[in-house]
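Every chain is numbered from 1 and lettered A, B, ... according to where its sequence line falls, protein lines coming before strand lines.
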There are 2 protein chains.
Amino acid sequence: MEGEVSQCRVEEALGIVVGKWKPVIILYLLHEGTKRFSELKRSMPGITQKMLTKQLRELEEEDIIQRVVYPQVPPKVEYSMTDYGRTLSPILEAMHEWGTHHVLHKQNMGIVEKQVK
Amino acid sequence: MEGEVSQCRVEEALGIVVGKWKPVIILYLLHEGTKRFSELKRSMPGITQKMLTKQLRELEEEDIIQRVVYPQVPPKVEYSMTDYGRTLSPILEAMHEWGTHHVLHKQNMGIVEKQVK
DNA sequence: TGGTGTAGTATCTAAAAAGATACTGTTAGG
DNA sequence: CCTAACAGTATCTTTTTAGATACTACACCA
């Protein structure tokens with residue numbers, strides 16, 4: 001009742017999307033559809049297999065992505081967004097857009113500082 | 001050109017909003033307007049002064065919040081959102097709303113699992 | 001027979017984020 | 001003179017996150 005911040009559900013959404021790789025994975029699957037493990041890995045230079053596996057497992061756990069294993073050798077595993085996962089799209093796109101503006105905003109602030117000095 | 005994820009600006013927005021306390025601070029200032037340090041601290045039970053100071057400085061650095069010092073004793077320092085900071089509002093609100101649904105979604109998945117077992 | 005591609009594990013290490021605790025200076029009030 | 005309120009700093013430790021590296025099984029191909 002008295003100015004206390006409670007029941008902040010931002011963390012719920014944030015927890016799913018944060019990390020160096022999760023937003024990249026989600027945006028990639030949103031835009032490119034179904035992809036297999038090796039394709040994901042190739043599209044993210046710098047990520048280790050361990051990291052990729054971990055991120056994918058966590059997203060699967062939260063019902064954001066779907067993992068389909070084909071029982072064949074060499075193995076084939078496909079990943080795609082769930083319908084539920086796709087509901088994250090507006091948030092991700094909004095952040096992407098805001099981020100793009102923010103880069104410019106920081107540049108402008110830099111110029112202003114220099115002029116004032 | 002070939003399925004590589006580049007120029008992902010989500011991180012820019014994410015970097016500003018992540019952390020255990022930043023979303024709480026931002027939503028509080030968005031909803032309650034100008035607040036002083038002690039009011040912020042009181043509204044966030046569990047945060048240490050060091051943490052609060054650090055988060056506020058980082059948000060100020062990014063031009064999300066404004067810090068006004070009144071030269072008096074005992075000191076008085078007021079924090080409020082900048083116009084620019086307020087542009088984060090739709091993202092935060094969207095995440096809050098999504099998070100609220102997500103809590104329910106997880107509950108439903110839990111029930112389904114139990115029924116299947 | 002040896003190498004390649006696939007989708008991973010298993011260990012260990014480094015770096016980043018968060019938390020605990022103690023400390024500062026100033027002034028008003030009792 | 002002692003204490004509380006305010007808005008912080010300064011150190012130190014713990015926890016979390018990320019990265020490096022090496023390893024697995026199996027089939028196909030030359």
Side-chain angles (χ1 to χ4, degrees), chain A residues 2-3 5 8 10-26 28-29 32 34-62 64-80, chain B residues 2-3 5 8 10-26 28-29 32 34-62 64-80:
Chain A
E2 199 256 316
V5 177
C8 170
V10 171
E11 317 257 6
E12 297 283 338
L14 218 45
I16 279 162
V17 137
V18 286
K20 194 167 168 184
W21 302 108
K22 275 183 191 159
V24 182
I25 294 170
I26 295 172
Y28 186 61
L29 290 179
E32 309 283 325
T34 301
K35 289 288 163 188
R36 46 195 295 193
F37 187 86
S38 54
E39 290 177 302
L40 284 163
K41 186 163 186 320
R42 264 193 295 276
S43 76
M44 283 174 258
I47 198 170
T48 63
Q49 280 178 282
K50 185 201 161 188
M51 259 303 122
L52 182 52
T53 303
K54 199 182 162 235
Q55 307 305 302
L56 291 170
R57 289 291 138 77
E58 287 173 11
L59 291 171
E60 194 196 354
E61 187 95 341
E62 299 285 355
I64 305 302
I65 65 173
Q66 202 182 358
R67 177 171 177 264
V68 178
V69 182
Y70 296 86
Q72 62 185 49
V73 166
K76 178 179 172 184
V77 180
E78 283 186 344
Y79 294 91
S80 55
Chain B
E2 198 257 316
V5 177
C8 170
V10 171
E11 317 258 5
E12 296 284 338
L14 219 44
I16 278 163
V17 136
V18 288
K20 196 167 166 185
W21 302 108
K22 275 183 190 160
V24 182
I25 294 170
I26 295 172
Y28 186 62
L29 290 179
E32 308 284 323
T34 301
K35 289 288 162 186
R36 46 194 297 193
F37 187 85
S38 54
E39 290 176 302
L40 284 163
K41 186 162 187 319
R42 264 193 295 275
S43 75
M44 285 174 257
I47 198 170
T48 63
Q49 279 177 283
K50 185 201 162 190
M51 260 303 121
L52 182 52
T53 303
K54 198 181 163 236
Q55 307 305 302
L56 291 170
R57 289 291 138 77
E58 287 173 12
L59 290 171
E60 193 195 355
E61 188 95 340
E62 300 285 355
I64 305 301
I65 65 172
Q66 203 182 359
R67 177 171 178 266
V68 178
V69 183
Y70 296 86
Q72 60 183 53
V73 166
K76 178 179 172 184
V77 180
E78 282 185 343
Y79 293 91
S80 55

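- For the pair K54(A) NZ and dT11(C) C1', the interatomic distance rounds to 15 Å; values are reported in whole Å.
- Between M51(A) atom CE and dT11(C) atom P the separation is 17 Å, expressed in whole Å.
- For R67(A), no side-chain nitrogen or oxygen approaches OP1 or OP2 of dA7(C) to under 4.0 Å.
- Taking every heavy atom of both residues into account, K22(B) and L59(B) meet most closely at CD-CD2, 4.0 Å.
- Between K76(A) atom NZ and dG5(C) atom P there is a gap of 18 Å when expressed in whole angstrom units.
- Considering every non-hydrogen atom in both P23(A) and V17(A), the closest pair reads CD-O, 3.0 Å.
- The distance from atom CG of L40(B) to atom C1' of dC6(D) is 13 Å, rounded to the nearest whole Å.
- Residue R36(B) has no polar side-chain atom (N or O) positioned under 4.0 Å from OP1 or OP2 of dA5(D).
- Side-chain N or O atoms of Q55(B) include none that pairs as donor or acceptor with a backbone N or O of L52(B) at under 3.5 Å.
- Here the closest non-hydrogen pair linking L40(A) and Y28(A) is CD2-CD2, 3.4 Å.
- Side-chain nitrogen and oxygen atoms of K20(A) include at least one within less than 4.0 Å of the OP1 or OP2 phosphate oxygen of dG19(D).
- Residue E39(B) contributes atom CD, which lies 16 Å from atom C1' of dG8(D) at whole-angstrom precision.
- For K50(A) against dG19(D), a side-chain-to-base donor-acceptor contact under 3.5 Å is present.
- Annotation: of the two residues near DNA chain D, P75(A) and V18(A), the 5′-most nearest-nucleotide partner is V18(A).
- Within the 4.0 angstrom heavy-atom criterion, no nucleotide atom of any strand lies near K41(A).
- Within 4.0 Å (heavy atoms only), Y70(A) reaches no atom of the nucleic acid at all.
- dT16(D) atom P lies 17 Å from atom CG of L14(A), rounded to whole Å.
- Regarding contacts with the backbone of dA7(C), a side-chain N or O of S38(A) is found under 4.0 angstrom from either OP1 or OP2.
- Considering only side-chain atoms of Q49(A), the nucleotide from dA7(C), dG8(D), dC12(C) that sits closest is dA7(C).
- Rounded to whole Å, the distance from CD on E58(A) to C1' on dA18(D) is 12 Å.
- Within the structure, every side-chain polar atom (N or O) of R42(B) is placed at least 4.0 Å from both OP1 and OP2 of dA5(D).
- Residue-to-nucleotide proximity on DNA chain D shows that, of G46(A) and V73(A), the 5′-proximal contact is made by G46(A).
- Salt bridge status for K54(B) with E58(B): present, with a side-chain N to carboxylate O gap under 4.0 Å.
- dG8(C) atom C1' lies 6 Å from atom CZ of F37(A), rounded to whole Å.
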